[in-house]
Amino acid sequence: MDMTVISGCLSPRKAGILDHADRVATDRVAWREKNSFFHDEDERYLRFLIPAGSRVLEIGCGVGDTLASLAPSHGVGIDFCRKHIGIARQRHPDLNFVEGDAEDPATLEALQGPFDYILVLDTIGSLEDCQKFIAQLHPLCTRDTRLVIGYFSHLWYPVLKFAELLGLRMPQPDQNVLSPSDLRSLARLADFDPVKSEQRVLSPVRMFGLGRFLNRFVSVLPGIRQVALRHYMVARSSRRAKEEFCSATVVVPARNERGNIEPAVLRMPDFCGDIEIIFIEGHSQDGTFEEMERVKQAYPARDIKVMRQPGKGKADAVFTAFDAARGDLLIILDADLTMPPEQIPKFVEALLSGKGEFVNGSRLVYPMDDGAMRFLNLIANKIFSYLFSWLLNQRYTDTLCGTKVLRRSDYQRLKAGKAYFGDFDPFGDFDLIFGASKLNLKSVDLPIRYAARTYGETQISRFRHGWMLLKMVAFAFLKIKAI
């Protein structure tokens, strides 16, 4: 694409930005090396958000170093500075670089999408119309595509300009001043749904080794993160959010729940035309497995499967059943039926409508039946809901509600990335929640009416499992927050 053609199509402001980029292009690699600590910190978090082997489009790629650091299976970079593109092609011949103005629809239309991730790093500050630009990205998206925008905090703008005067930072033309809430608002106006936001990095310099500690452990803390240097937003295309499904699997893990097996079938609503029910038994002492077999024979019109889990714990039961499931949607229904089966259609609708990709039940919004949850358990659950909402950058009011719904395709992706967390959760709730967060799935809390048990006893130990929750908080902080 001819440089004079690009320049002739640009506004005076963008023509000035292009002229500036031309003048500093040959020095850009040296500036990156001079500020290598900051770029390392930036790219460290981007690699957490964007797993290696993804199809990645970076808009405003500069010399291509950030795109290369993400190790994409297919990487495409766009920049409207010819010199930047030339340097990028020399430094990273295995990637694809396109010279063009990303605000020109013709530039985006010429790309061979879709992409798994679209990265806009700081370029948002140079755009003429941010909303229009974001709206033009929908054709490059699928339901799974995530838009990742990284930008400097508007609170740091005077500090950054002062650093330029001191020769500590590469000079920059005037940029759009955008707060995290501005970015979220622009995304919504362009029909992109913000999934989560993060603010981090207190020190752009090493500070004799203290910078890494501050950025990893301190910059993410409540009250401090609001003044961090960098903010990131992950969003998804609302226009691509809906996806049809033909079948569903309801997984019912059960241990010593003989009296609840038949009611689970009788109360199961016909929320779709093809429903598979998998009862998976966990070494019961009250004849639960035999009751499952009886119920399967008693209701031949239902597609009921009966399994015995090979190991111990609810996580083993759930994931064993998930691996055997054939439904497009996967639904967990605890056999105690404290989450009424009649409410399953609400979960399915939340997923089917595109409002969420990981639907988590919440018992702590509506008043619950007397005796449904002990007082200390209730207080602990509320405290942990605040902690996990901060850790995961999405709202969670109840992490231990057994009912969770997601697509089987997302579970398979979650399972493929499970090595990042390892085997740490005997319940499986946090395997799913943390995995959904790592995949940047849109999580939705769905309030339910929590009922008291009619058969059996709770298998939750408030102190042993409360200690486990504390360990989960520490684990999540290290694996999700303190990157």
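Every value quoted in this text rests on a predicted model; they were computed, and no experiment measured them.
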Sequence-distant partners of [X], salt bridge (Lys or Arg N to Asp or Glu O under 4.0 Å), two or more places apart:
X: Lys196; answer: none
X: Asp410; answer: Arg143, Arg413
X: Asp328; answer: none

Taken in chain and number order and not counting sequence neighbours, the residues that satisfy side-chain contact (heavy atoms from CB on, under 4.5 Å) with Gln412 are Arg408

Sequence neighbours left out, what passes side-chain contact (heavy atoms from CB on, under 4.5 Å) with Arg44? Give chain and number order. Glu41, Arg47, Arg212, Ile483

State the CG-NZ distance between Leu391 and Lys481, to the nearest 0.5 angstrom. 6.5 Å

Can you tell me how far CG of Leu214 sits from CG of Leu202, rounded to the nearest 0.5 angstrom?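 If I round to the nearest 0.5 Å, the distance is 6.0 Å.
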
Between Ser185 and Asp182, is any side-chain donor less than 3.5 angstrom from a side-chain acceptor? no

Less than 3.5 Å apart, any donor N or O on the side chain of Arg240 or Thr145 sitting next to an acceptor on the other?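 There is no such pair between these side chains.
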
Verify whether the ring centers belonging to Phe388 and Phe430 lie closer than 6.0 Å. yes

Between [Y] and [X], does any NZ, NE, NH1 or NH2 come within less than 4.0 Å of an OD or OE carboxylate oxygen?
X: Asp144; Y: Arg236; result: no
X: Arg294; Y: Glu291; result: yes
X: Glu281; Y: Arg308; result: yes
X: Arg302; Y: Asp270; result: yes
X: Arg230; Y: Glu43; result: no
X: Asp116; Y: Arg55; result: no

Answer yes or no: is there a side-chain heavy-atom contact under 4.5 Å between [X] and [Y]?
X: Phe97; Y: Val76; value: no
X: Val148; Y: Ile118; value: no
X: Phe358; Y: Leu439; value: no
X: Gln309; Y: Lys314; value: no
X: Ile78; Y: Leu111; value: yes

Glu349 (side chain) donor-acceptor with Leu351 (main chain) under 3.5 angstrom: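 Here the side-chain-to-backbone pair does not exist.
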
I need the minimum non-hydrogen distance between [X] and [Y], along with the two atoms involved.
X: Gly150; Y: Tyr232; value: CA-CD2, 4.0 Å
X: Ile278; Y: Ala325; value: CD1-CA, 3.9 Å
X: Asn215; Y: Val220; value: O-CG1, 4.4 Å

Please, which pairs that meet salt bridge (Lys or Arg N to Asp or Glu O under 4.0 Å) have at least one residue in residues 58-73, sequence neighbours excluded?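 Applying salt bridge (Lys or Arg N to Asp or Glu O under 4.0 Å) to every pair that reaches into residues 58-73, excluding sequence neighbours, yields Arg32-Asp65, Asp65-Arg91.
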
Fit a plane to each ring of Phe48 and Tyr45, take the angle between them on a 0 to 90° scale, and name the class: parallel (under 30°), tilted (30 to 60°) or perpendicular (over 60°). parallel

Hey, mind stepping through Phe152 and His231 against ring-ring contact (aromatic ring centres under 6.0 Å, His included) and telling me if it holds? CA-CA 6 Å; Phe152 290 102; His231 55 248; 9.0 Å; no

Could you go through the salt bridge (charged side-chain N to carboxylate O under 4.0 Å, His left out) check for Lys442 and Asp193 one step at a time? CA-CA 9 Å; Lys442 180 59 180 277; Asp193 179 21; 2.9 Å; yes

Test side-chain hydrogen bond (donor to acceptor under 3.5 Å, both in side chains) on Arg184 and Ser197; report intermediate values, then the result. CA-CA 9 Å; Arg184 289 191 293 270; Ser197 296; 3.2 Å; yes

